[in-house]
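Handing you this structure, nothing more for now.
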Amino acid sequence: QAQLDAVHQALQSTVLQDLGNSVISDYCAQYRAWISSSKLNTVTGLDTLPVVAFSQGTTEAFDNFYIRHHRRRFRVFRGEYIYHKRIWQRHYQHQWAFMDVDSLKINDAVIVSWPFADTGNTHDQFNKELFDNCYRLGVPVLIDAAFFGVCANQHYDFSHPAIQEVVFSLSKSFPVNALRFGIRFARDDFEDGMQIYHSTQYVNRLSAAVGTKLMTARNPDITFSKWRNKQLEFCNQFGLEPSDTVLFGIDTKHKYDHYNRGSIQTNRLCFSRYYESGKLAVDEH
């Protein structure tokens with residue numbers, strides 16, 4: 001409820017303000033400051049990704065990545081965000097593969113979430129070796145950092161030249177998924193739709209203004225700190241490993257295989273809808 005109240009107050013004050021030409025630049029500047037303000041995570045190297053664009057959540061950046069690399073084969077780890085698989089199965093049927101199917105090839109393009117979508121932890125192959133290999137082959141990499149703002153213990157330097165773009169969203173940190181605001185940090189000016197929209201400020205200024213106010217009011221560590229004890233309680237209750245992303249408990253004993261999202265090793269259980277009530281629904285399976 002406190003998060004909903006914060007959004008309501010931000011909307012009320014934003015409606016009354018001038019949504020002028022500084023709104024988008026203020027939003028981008030505040031987003032960089034917000035990311036770097038975390039005490040629970042360490043993010044460096046964003047200064048090597050100087051080309052910034054407002055994004056409708058992270059999804060708009062994904063769509064532009066698909067379009068820009070439509071002649072390549074897309075690669076993801078098993079258990080990655082399901083949106084990619086659903087789009088590729090319909091529109092890029094023979095142009096994608098899981099990372100464990102074969103080795104990376106020159107014509108590939110990689111998307112990986114950090115923290116990883118299936119566990120809320122850093123993927124064990126999210127490392128310099130992966131990015132060195134991508135850079136050697138000329139494989140572009142997009143990092144999906146949508147869980148930043150609800151996580152801890154994440155440390156990474158995004159200056160590696162293989163990383164072409166890193167995208168963030170506020171949808172997890174605040175109950176604002178329908179307002180669709182995120183950001184893309186890129187190494188180069190792609191001159192794709194997102195960048196053209198951004199350069200002409202033909203984007204959702206109201207969402208940007210609300211996002212700026214929310215980030216000013218709440219740092220990226222608040223949600224994790226607020227719900228960490230409840231997460232640990234739920235994990236202890238159901239025999240789960242606590243994720244570094246406070247929304248999740250991770251099943252490593254295959255007790256909850258009906259929640260499997262593609263990973264061979266683990267299953268992910270999401271607690272977010274139960275935190276306010278303080279009572280986790282009993283699993284009948």
Please work out which of the three classes, parallel, tilted or perpendicular, describes the rings of H84 and Y81, given edges at 30° and 60°.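 Answer is perpendicular, since the angle exceeds 60°.
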Go through it in stages, so that I can follow the logic: the residues are F126 and F131, the test is ring pair (Phe, Tyr, Trp, His ring centres under 6.0 Å), and I'd like the CA-CA distance, side-chain angles, deciding distance and then a yes or no. CA-CA 8 Å; F126 187 92; F131 298 127; 5.2 Å; yes
Within 45 degrees of the axis of the six-membered ring of Y259 and under 6.0 Å from its centre: does R268 put its NZ or CZ there?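 Here R268 fails the 6.0 Å and 45° test against Y259.
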Determine, stepwise, if the pair S38 / D221 fulfils side chain to side chain donor-acceptor pair (under 3.5 Å). CA-CA 6 Å; S38 176; D221 298 336; 2.7 Å; yes
Residues two or more places apart in sequence or in another chain: which of them pass ring pair (Phe, Tyr, Trp, His ring centres under 6.0 Å) with F158?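 Applying ring pair (Phe, Tyr, Trp, His ring centres under 6.0 Å) to F158 gives W114, Y156.
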CD-CG distance between E80 and D144, expressed to the nearest 0.5 angstrom: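 It comes to 6.5 Å.
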Any non-hydrogen side-chain atom of V210 less than 4.5 Å from a side-chain atom of F181?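 They are in contact (side-chain heavy atoms under 4.5 Å apart), so the answer is yes.
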Residue pair R73, K105: steps toward the side chain to side chain contact (heavy atoms under 4.5 Å, CB included) verdict: CA-CA 9 Å; R73 179 178 63 156; K105 300 294 191 295; 3.4 Å; yes
Over all atoms of both residues, closest heavy-atom pair of Q231 and S243: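 Nearest heavy atoms, Q231 then S243: NE2-O, 3.0 Å.
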Should T223 and Y275 count as side-chain neighbours, where that means a heavy-atom distance under 4.5 Å?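 Heavy-atom side-chain distance check fails, nothing below 4.5 Å.
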Tell me the closest heavy-atom pair linking K172 and A146, and the distance in Å.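 Between these two residues, the closest heavy atoms are CG-O, 3.4 Å.
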Pairs flagged by ring-ring contact (aromatic ring centres under 6.0 Å, His included) wherever residues 34-59 is involved - sequence neighbours left out: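 Every ring-ring contact (aromatic ring centres under 6.0 Å, His included) pair that includes a residue of residues 34-59, provided the two are not neighbours, is Y27-F54, Y31-W34, W34-F148.
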Within the side chain of D189, is there an N or O that forms a donor-acceptor pair under 3.5 Å with the backbone of E191?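 Looks like yes, one N/O pair under 3.5 Å.
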Within a reach of under 6.0 Å around NE2 of H155, are more than 12 heavy atoms found that belong to other residues, nucleotides or ligands?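 More than 12 heavy atoms, drawn from other residues, nucleotides or ligands, come within 6.0 Å of this atom.
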Quick one: are L104 and C134 in side-chain contact, heavy atoms under 4.5 Å?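 Of all side-chain heavy-atom pairs linking C134 with L104, at least one is under 4.5 Å.
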Kindly compute the distance separating OG (S37) from CD (Q30), expressed to the nearest 0.5 Å.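 Going from OG on S37 over to CD on Q30, the span is 8.0 Å.
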Student check: side-chain heavy atoms of N153 and L40 closer than 4.5 Å: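 A side-chain contact under 4.5 Å is absent here.
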State, to 0.1 Å, how close V141 and V112 come at their nearest heavy-atom pair, and which atoms those are.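 Taking every non-hydrogen atom into account, CG1-CG1, 4.5 Å.
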Which atom pair, heavy atoms only, marks the closest approach of G262 to N260?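 So the minimum-distance heavy-atom pair works out to N-OD1, 2.8 Å.
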Given W227, F234, F238, the one that forms ring-ring contact (aromatic ring centres under 6.0 Å, His included) with F271: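 When ring-ring contact (aromatic ring centres under 6.0 Å, His included) is applied between F271 and each of W227, F234, F238, only F234 qualifies.
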With a 4.5 Å cut-off on side-chain heavy atoms, are R78 and S263 touching?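 No. Closest side-chain heavy atoms not under 4.5 Å.
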Worked verdict on N267 versus D257 for side chain to side chain donor-acceptor pair (under 3.5 Å): CA-CA 6 Å; N267 304 303; D257 282 342; 2.8 Å; yes
Pick out which of F98, F65, F74 makes a ring-ring contact (aromatic ring centres under 6.0 Å, His included) with W88.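 Per the ring-ring contact (aromatic ring centres under 6.0 Å, His included) rule, the option paired with W88 is F74, out of F98, F65, F74.
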State whether K213 and D26 are salt-bridged, where the test is any N-O pair (Lys NZ or Arg NE/NH1/NH2 against Asp/Glu carboxylate O) under 4.0 Å.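 A salt bridge is absent here (no side-chain N lies under 4.0 Å from a carboxylate O).
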Cluster check F116, V110: I/L/V/M/F/W/Y, side chain < 4.5 angstrom: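 Same cluster.
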I'd like to know whether T252 forms a side chain to side chain donor-acceptor pair (under 3.5 Å) with Q265, so could you lay out the CA-CA distance, the side-chain angles of the two residues, the decisive distance to 0.1 Å, and finally the verdict. CA-CA 7 Å; T252 61; Q265 293 84 14; over 6 Å; no
Tell me the closest heavy-atom pair linking N121 and D244, and the distance in Å.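 In terms of heavy atoms, the two residues are closest at OD1-N, 2.7 Å.
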Is it true that V43 and I143 fall in one hydrophobic cluster, defined by side-chain heavy atoms closer than 4.5 Å?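 Per the 4.5 Å side-chain linkage, V43 and I143 are co-clustered.
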Can we say R75 and D102 salt-bridge, meaning some charged N sits less than 4.0 Å from an Asp/Glu carboxylate O?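 Yes, R75 and D102 are salt-bridged.
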Is the closest side-chain heavy-atom distance between R184 and D192 below 4.5 Å?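 The answer is yes; the side chains approach within 4.5 Å.
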Got V51 and L49 here, is their nearest side-chain heavy-atom distance under 4.5 Å?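 Counting from C-beta outward, V51 and L49 never come under 4.5 Å.
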Within a strict 4.5 Å, meaning less than it, do heavy atoms of the S159 and T44 side chains meet?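 Not touching, per the 4.5 Å side-chain cut-off.
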Which word best sums up how the rings of F168 and F185 line up, parallel for under 30°, tilted for 30 to 60°, or perpendicular for over 60°?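 Rings of F168 and F185: perpendicular, as their planes differ by over 60°.
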Considering all heavy atoms of both residues, which atom of C28 and which atom of I183 are nearest to each other, and what is their separation?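 Taking every non-hydrogen atom into account, CA-CD1, 4.0 Å.
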Less than 4.0 Å between a side-chain N and a carboxylate O, is that true for D251 and K255?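 Between D251 and K255 there is no salt bridge, as every charged N stays at least 4.0 Å from the carboxylate O atoms.
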